[in-house]
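Report on one structure; see the data block that follows.
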Amino acid sequence: MNTLSLVIQREYFTRVRKRSFIIMTLLMPLLMVALSFVPLWLSTLNDGAVKNIAVIDNTGMYAPLLKSTDQYQFQIINDAQQNEYQSKIGKDIFAILQITDDLNRNSNAVTILSEKQTSQELRTMVENALSEKVMEQRLDDLSQQGNVNAAAISEVRSIIESGTKISVKTMKWGDDGKVSESSAEIATIIGMVFTILIYMFILMYGNMVMQAVLEEKKSRVVEVMVSSVKPVNLLIGKIAGIGLVGITQLVIWGVLTGVLFTALSVFIALPQQAPAVMSAEMSNFDMGGVMNAVLSVNWFEIIVYFLLFFVGGYILYASIFAMFASAVDSEEDTSQFMMPVTIIIMFAFFAGFYSVSNPDGPLAFWGSLIPFTSPIVMMVRLPFGIPLWEKLLSLVLLYGTFILISFFAAKIYRVGILMYGKKPSIKEMMKWIKYK
Amino acid sequence: MYLQTTNVTKQYANHLALNKVSIEVPKGTVFGLLGPNGAGKTTLIRIITRITAPDSGEVFIDGRPSKSDDVFNIGYLPEERGLYKKMKVGEQAMYLAQLRGLSKAEAQRELMIWFRRFDIASWYNRKVEELSKGMQQKVQFISTVIHNPDLLIFDEPFSGFDPVNAEMIKNEMLRLKAEGKTIILSTHNMESVEALCDNIALIHRSQVVLQGKVFDIRREHRTNIFRFRLRNNDFLFEHPSFTLVSKEPYHEFTDIRIRKQPEVATNELAKLIFDNFDVVAYDEEIPTMNDVFIETVKQ
């Protein structure tokens, strides 16, 4: 068997067999799912105490719509009682809800006054109840105007009543930008997730390559190795082996997270199983719309590009890390060289972060073309859909750069791993390139 | 394997590591590569093992320029050597054996032979970090010879071994030599050079300053000093061709060392002493390799 594949195998298997790798790989998706679902679940647990909400409804139209629950008791009061109740806030009264005007005309005419931060849950509850009423009002108005087909309106009504709220929304607001906005949000989330992933993996696995090179050099294993393996094969084997470990971890994370999320989403989305409050919570969270938006994303393309940029970015940085690690004798000596590299990666991450709000701006554009930042910044832009030529140019630049850099890295590595003693300067390292 | 280097030169940034180094290692012999620290021995070995390339000059193997495949026919035990600490001994040995071109089955078979020979079969599943330095050295020695190469290069092979194990390694080297392997031994241990080496080259300040058969070199460096052990205590001696270098009592005897003028025959001195004193033992003082080394390097 050739030496390169042996090296790759060793690098790969010694790492994936490590207990820490297995635990990390299996636990992380659980953790991620837990992190997104547990707060949601916790928010549905009420604290047991009944909260009294005083309602001042100047219009008189809305107050009766607010149905008291186990947790929130709505009490209708009048204007005159306002001061009296206001003094009770934080004691008997949790909050005062004030509706000052017809919400159909002035949608801002509603406020909640409280001492503590009002819970999202209460707000959602009130908003839902009021929105429903306002929608009714508007439909009534529409049918009274008479210039709309009455049959159509009654159909809309029946759809709303039958509870297929989700499809109504899509139908009703499908053309005025609402749906496309929700998919932009999804694109942002997807972009951020992939950016964070690529950033994390480049740093994590780049560091792993650095550690591996240092470990071999410090333990003098490398002296034994180079007598049968060409240094360049040792370097390629190491980068490839560790990269494959990264890809393995990514795939396992992807699959596990997907399975867990799907399982939990199905469980939560089933209304009869979910507690009443939770479904109220979830109704605000337009599950179907999100699902549609998620499905409408071109996953195949994103994943292919993700892998291409991941591989390019990883090899680029791993070569640089390996190059510097080979030149020094200990971890402490690496910091001088690593600092600038880490700063560039951090810069790329922040550039990616700010590109979210303007995925076609100059920062995003140049960030996604320059090879040192492109793997990270490009991931933000991808889900928004960008011209093919930009993607190809960025890839060509990235791959061209990593071929060039890894060529020099291999030259320096070859000399560096067998040099001990004084920490070389960049100038000396440049000289190594010319060694035969 | 017959190995030859011709005018091998290697320049590093600020110093010349090797300056026109030519050595010749006949097949089936043990060749001592000697020299003070930093003389360029390791660089020469790295050039022979094709780890680095010379700036000029060439390495010939069996009369033809060496090529990249030759590394599979070389076993190199570097002076600074290590193992992957987290790997198991067997796994590690298998890995190194396979890297040296053995198939899995061959590697397995050869390893079992060597592990039994060195009595370390029970370590097969232990982690390397649990082993003592000497034990690790054994594993490294095995991984150097496992692929049955024709040229073996040992750089300080005895360091880290107790005398018993050092003797075992020495015997292994002699056994390999008897099998017709060519061995290059780089060491500072001059006793083992005398015991094992047929030829040596001494590298000093990047150049070969001394090369040849061990015994020839020692003879060339003789100082014309002769040692006599006498029963007499009252040694008195005066002669124009011979000078007394030292005189020391040894139990009931007296040890004397006499230097003769090079042009005077040895017999003349012997006759003179034997005729006048009661001689118990007598020999010519031939310098050890240690003496030769120090003398040459100090010059």
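Just so we're on the same page: letters track the sequence lines, and every chain starts at 1.
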Between Arg46(B) and Glu223(A), is there a salt bridge with N-O shorter than 4.0 Å?
yes
Between atom CD of Glu216(A) and atom CG of Leu83(B), what is the distance when rounded to the nearest 0.5 Å?
11.5 Å
OG of Ser219(A) to CZ of Arg81(B), rounded to nearest 0.5 Å, is 13.5 Å
Residue Lys230(A) excluded, over 12 heavy atoms near NZ under 6.0 Å
no
Checking heavy atoms, do the side chain of Lys10(B), its backbone, both or neither come under 4.5 Å from chain A?
side chain
Residue Arg175(B) excluded, over 12 heavy atoms near CZ under 6.0 Å
yes
Neighbour count above 12 (heavy atom, 6.0 Å) for Arg64(B) CZ
yes
Output the distance between atom CG (Leu418(A)) and atom OG1 (Thr52(B)), rounded to the nearest 0.5 Å.
7.5 Å
Okay, Val222(A) and chain B: the region with an atom under 4.5 Å from a heavy atom over there is neither
Name the member of Pro54(B), Gly82(B), Ser143(B), Ser68(B) that forms the most heavy-atom pairs with chain A at distances under 4.5 Å.
Gly82(B)
Heavy-atom closest contact (Ser227(A) atom, Val71(B) atom, distance)
O-CB, 4.1 Å
Flag yes if more than 12 heavy atoms outside Met346(A) fall under 6.0 Å of its CE atom; otherwise flag no.
no
Around Asp119(B), counting heavy atoms of other residues, nucleotides and ligands shown, do more than 12 lie under 6.0 Å from its CG?
no
Quick check for you: to the nearest 0.5 Å, what is the distance between Met87(B) atom CE and Arg10(A) atom CZ?
5.0 Å
For the residue pair Lys431(A) and Tyr12(B), establish whether any side-chain heavy-atom pair is separated by less than 4.5 Å.
no
Looking only at heavy atoms, which two atoms of Tyr95(B) and Leu6(A) are closest? And how far apart?
CE1-O, 3.5 Å
Rounding to 0.5 Å, atoms CG (Leu96(B)) and CE (Met225(A)) come to a distance of 6.5 Å
Lys177(B), NZ atom: more than 12 neighbouring heavy atoms under 6.0 Å
yes
How close do Leu99(B) and Thr3(A) get, heavy atom to heavy atom, and via which atoms?
O-CG2, 3.6 Å
Pick one of side chain, backbone, both or neither for Val224(A), based on which atoms fall under 4.5 Å of a heavy atom in chain B.
both
Answer yes or no: are there more than 12 heavy-atom neighbours, outside Phe60(B) itself, under 6.0 Å from its atom CZ?
yes
With a cut-off of 6.0 Å (strictly less than), are more than 12 heavy atoms of other residues, nucleotides or ligands near NZ of Lys20(B)?
no
Could Glu91(B) and Arg17(A) be called an ion pair, given the rule that one side-chain N must be under 4.0 Å from one carboxylate O?
yes
Can you measure from CD (Gln9(A)) to CD (Gln98(B)) and round to the nearest 0.5 angstrom?
8.0 Å
